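Here is the structure we will look at, set down as structure tokens.
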Amino acid sequence: MNRYREKLWYLLNSTPLIGPVSTARLLEYAGDIEELTELSPDDIRRSGILDDRMLASWMSTMARRQELFDEYDECEGRGIHFLSMEHEDYPQRLRNIPQPPYGISYIGRNPSAYEGCAAVIGARGCTDYGREIAYRIAQELGKQGICVVSGMAAGIDTASHWGCLDAGCASIAVLGGGVDDCYPAGNRRLYDKLCREGTVISEQPMGMPPLPNNFRQRNRLISGLADCVIVAEARKKSGTQITVTYALDQGRDVFCVPGRITDVLSSGCNDMIAQGAQIVCSVETILDYFGVGRENDKAPVLTQKEQRVAECLDCGPLHIDALCAVSGMMIDELMELLTIMEIRKIVVRQPGGYYRMAARI
Amino acid sequence: MLGYVLSGTVAGIEGVPVMVEADISDGLPQFDMVGFLASEVKEARERVRTAVKNTGFFLEPRRYTINLSPADLRKEGNLFDLPIAIAVLIGLGILPQNTVDDCMIFGELGLDGSIRPINGALPLVNAAAGNGITRCIVPRDNGLEASVVEDIDVFALSTLAEVTDYLLNPEKYTPVMTDAAKLLSDQQEEVGEDFSDINGQTAAKRATTIAAAGFHNILYIGPPGSGKSMMARRIPTILPQLTLSEAIELTKIYSICGLLPRQKALIGTRPFRSPHHTTSMQAMTGGGRVPRPGEISLADRGVLFLDELPEFNNSSLEVLRQPLEDRQIVLARVHGTYRYPADFQLVAAMNPCKCGYYPDRSKCSCTPADVARYVGRISRPLLDRIDLCVEMPRIEYSDLAGVSEKNETSAAIRQRVERAVNIQKERYKNEKILFNSQLSARLIEKYCPLGKAEREVLGQAFEAMNLSARAYHRIIKVARTIADLDGAERIGVKHITEAIGYRTYDREVWK
């Protein structure tokens with residue numbers, strides 16, 4: 001790599017308001033990054049590519065060039081790597097998508113290091129079901145060494161990252177702001193773990209806050225870095241849909257986890273399946289896609305009483321009162337049983353005092 | 001000449017004897033009152049002079065000096081009018097001194113000589129009896145209340161004239177007679193709310209029974225209308241009946257607040273106080289320049305119900321921590337320290353999230369972060385003092401239709417609770433505590449030994465459910481109460497596993 005040119009790319013990347021589209025047009029106009037940085041403001045204005053605000057932004061970057069060059073040099077020391085599209089280590093998967101990012105920054109391991117990658121995405125305000133499915137799928141993938149890519153958002157994304165990390169495999173988080181900004185703040189622990197054991201990557205310059213406008217763009221990178229996209233739970237017309245659209249443009253396979261038709265949070269997934277997305281009814285579907293298998297883990301043996309509870313919970317989660325009425329057991333006996341079943345991970349307790357069978361997928 | 005009359009004042013919830021001295025001497029006509037008096041006491045001057053005159057006695061224009069002793073105890077209240085009037089009459093020679101021997105007198109005087117009722121009659125008479133006084137004169141309307149005290153004769157009179165008549169001819173009058181124990185049991189038979197009013201809510205009823213048996217603090221979490229406050233209101237109906245001494249303690253508190261209904265001599269049922277979440281800190285603990293008992297004392301021996309817990313001001317909640325520990329509240333003022341009992345059971349209720357319907361996805365759009373933030377508003381140290389937490393589901397229409405005969409009544413539940421309470425009383429007879437909820441870490445070691453199987457299941461649960469260290473002791477205390485309800489001497493695995501079920505807000509689920 002040419003260090004001087006990398007620094008120029010860094011300048012361009014650090015300019016707010018100038019994104020991939022404007023960059024493409026500027027490069028076409030100037031011919032090359034070095035020539036672009038030598039153009040005078042009037043030249044650029046004459047091209048008509050940038051409006052006044054964008055031009056002002058570019059001018060302010062040029063004024064700060066030495067400061068930014070120094071920042072680039074400091075990056076390595078801080079564990080942050082910047083790669084322009086010219087760099088030999090630039091992730092191959094991203095090169096092939098329409099409108100690839102001209103520059104990316106990442107902390108941790110280079111995304112190219114991962115052989116198999118699957119994006120697991122879904123709603124922020126997800127249900128317990130979605131969260132658990134995402135976690136379990138990510139966990140099974142992680143066990144097979146398949147890296148999980150997601151957006152580190154609350155809900156499904158977070159569950160996916162954790163599932164993969166808990167299985168001992170690295171995970172990639174693509175952020176909407178700069179790589180140095182942990183958003184949402186509640187995911188601090190996850191962020192730190194990803195920086196140590198996985199990858200945190202972004203197209204945005206450092207210090208950029210997670211502006212809502214940038215999330216749409218970010219989503220194309222989530223699908224871009226993966227071989228396939230798995231949607232755990234989504235409403236109709238959601239941010240997740242945007243990612244799926246990008247995935248289709250990029251030629252990635254899309255898998256959806258179905259849900260109850262009465263559940264508004266599964267409506268997006270069910271819809272996409274109806275429109276042709278592949279249905280995921282067990283983890284095997286995804287593992288087969290990657291050409292790996294897993295050993296059958298034995299189902300736990302239930303006692304007679306536990307069996308009775310399992311039957312009651314067959315149709316869905318029940319509040320403990322309802323479970324008491326349906327099973328005919330006394331409340332104290334039921335509570336003892338449920339605690340034991342929870343310890344054995346046969347049932348899961350949901351907020352509100354509801355219990356359901358643990359997902360076995 | 002000098003006249004002496006014994007009276008009293010209320011400090012905290014106890015009566016303290018006060019000696020009223022009246023001296024009548026030569027000199028320019030004056031009427032002075034001394035003895036560290038509050039302004040309402042000083043106003044007695046006008047009332048006494050007018051009442052005495054209107055009763056038909058002539059107040060000579062002499063130099064009157066009234067002293068209320070001891071001089072370093074602040075005297076408050078409107079009850080000194082009558083004793084001052086009597087002391088003056090003695091000083092004037094109208095009444096002989098020996099007529100007021102061994103007698104405590106108090107009451108407010110109207111300008112016409114009528115005796116008006118006062119607050120705090122019970123503690124005053126109680127203090128008199130405690131000091132060996134054998135009779136007391138009280139306002140008519142305070143008669144019933146005061147008569148509850150044993151070992152003292154209570155004469156309830158309505159005018160100054162009547163009092164002078166009594167003092168001169170005591171044999172014409174009979175004291176107020178009350179059978180306190182019968183009064184108490186009569187009151188307790190009144191049937192108001194009952195547990196059988198509630199349909200369903202099996203888990204919550206069970207948790208409430210456990211809370212009552214061990215006097216544990218409990219938190220109900222549920223959507224609006226799930227019956228949290230209905231359940232809380234019925235807790236006093238399953239707590240053991242008040243004993244006479246508890247009833248007297250409670251009545252004293254209510255008496256000094258002026259909250260004792262005039263027809264009632266004794267508070268027979270455990271109180272249920274439900275302060276609104278805008279209640280100030282002072283109203284909660286008691287206070288004011290002249291301290292009055294607050295909500296926590298009015299809930300003594302009963303339930304303090306905090307509905308909408310996250311809406312309470314943190315400072316109002318913070319002040320609960322010490323009383324929950326000490327079972328009393330100590331208010332320090334310039335004039336002295338007041339100690340009020342505050343032995344209440346804390347019952348709280350809240351919605352699971354701001355909109356109230358989490359996790360019902362069709363009604364609630366709160367994210368887990370929103371929920372955590374909402375729950376996070378409650379002070380952690382306060383949550384730590386709540387031993388039981390139960391989640392109540394939404395009420396379905398079918399649950400509302402009619403009261404089922406199968407529902408257990410409060411009386412039946414109370415029987416079980418009383419059995420468990422007696423076990424605890426026996427177990428802790430050599431300790432200062434009465435209930436499992438009051439066990440300290442050291443006492444838990446002593447009274448709640450766990451076997452190997454029990455320790456193992458506790459360990460597994462901690463791992464699997466990510467419970468905090470704080471939860472450890474609380475689970476054991478609750479398990480001890482469950483075992484007591486079960487009549488079991490040792491805590492078994494089943495008691496522990498049930499107790500673990502009531503630790504909702506400690507789990508990962510809320511984070």
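Below, each value reflects all heavy atoms present in this structure, side chains not excepted, and no hydrogens, waters or symmetry copies. As the structure is a prediction and not an experimental result, all values here were calculated from the model. Naming: A, B, ... by sequence-line order, numbering from 1 per chain.
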Task: Over 12 non-hydrogen atoms of neighbours within 6.0 angstrom of NZ in A:K193 - done: yes
Task: Within 6.0 Å of CZ in A:F215, more than 12 heavy atoms from elsewhere - done: yes
TODO: Have a look at B:R206 and tell me which of A:I320, A:L334, A:D332 forms a side chain to side chain contact (heavy atoms under 4.5 Å, CB included) with it.
DONE: A:D332
TODO: Indicate yes or no: at least one non-hydrogen side-chain atom of B:E391 is less than 4.5 angstrom from one of A:Y354.
DONE: no
TODO: Indicate the atoms forming the closest heavy-atom contact of B:T202 with A:C324, along with that distance.
DONE: CG2-SG, 4.2 Å
Open item on the list: Evaluate B:E498 against A:T339 for side chain to side chain contact (heavy atoms under 4.5 Å, CB included), listing each step before the verdict.
Closed with: CA-CA 7 Å; B:E498 190 186 345; A:T339 301; over 6 Å; no
Task: Flag if over 12 foreign heavy atoms under 6.0 Å of CD, A:Q275 - done: yes
Task: Side chain proximity check, B:Q201 to A:D321, heavy atoms < 4.5 angstrom - done: yes
Task: chain A contact via B:V457 - side chain, backbone, both or neither, heavy atoms under 4.5 Å - done: both
- [ ] Would you mind reporting whether A:M335 and B:T497 have side-chain heavy atoms less than 4.5 Å apart?
- [x] no
Open item on the list: I'd like to verify something: which residue of B:A204, B:G222, B:P393 has the highest number of heavy-atom pairs under 4.5 Å with chain A?
Closed with: B:P393
Open item on the list: As an exercise, state the distance from CD1 of B:I500 to CD of A:E336, rounded to the nearest 0.5 Å.
Closed with: 10.5 Å
- [ ] Measure the spacing between CG of A:L337 and NZ of B:K494 and express it to the nearest 0.5 Å.
- [x] 13.0 Å
- [ ] Walk me through it: do B:M465 and A:I343 pass the test side chain to side chain contact (heavy atoms under 4.5 Å, CB included)?
- [x] CA-CA 7 Å; B:M465 298 176 196; A:I343 293 175; 3.9 Å; yes
TODO: Check each atom of A:L338 against the heavy atoms of chain B and say whether the ones under 4.5 Å are side chain, backbone, both or neither.
DONE: neither
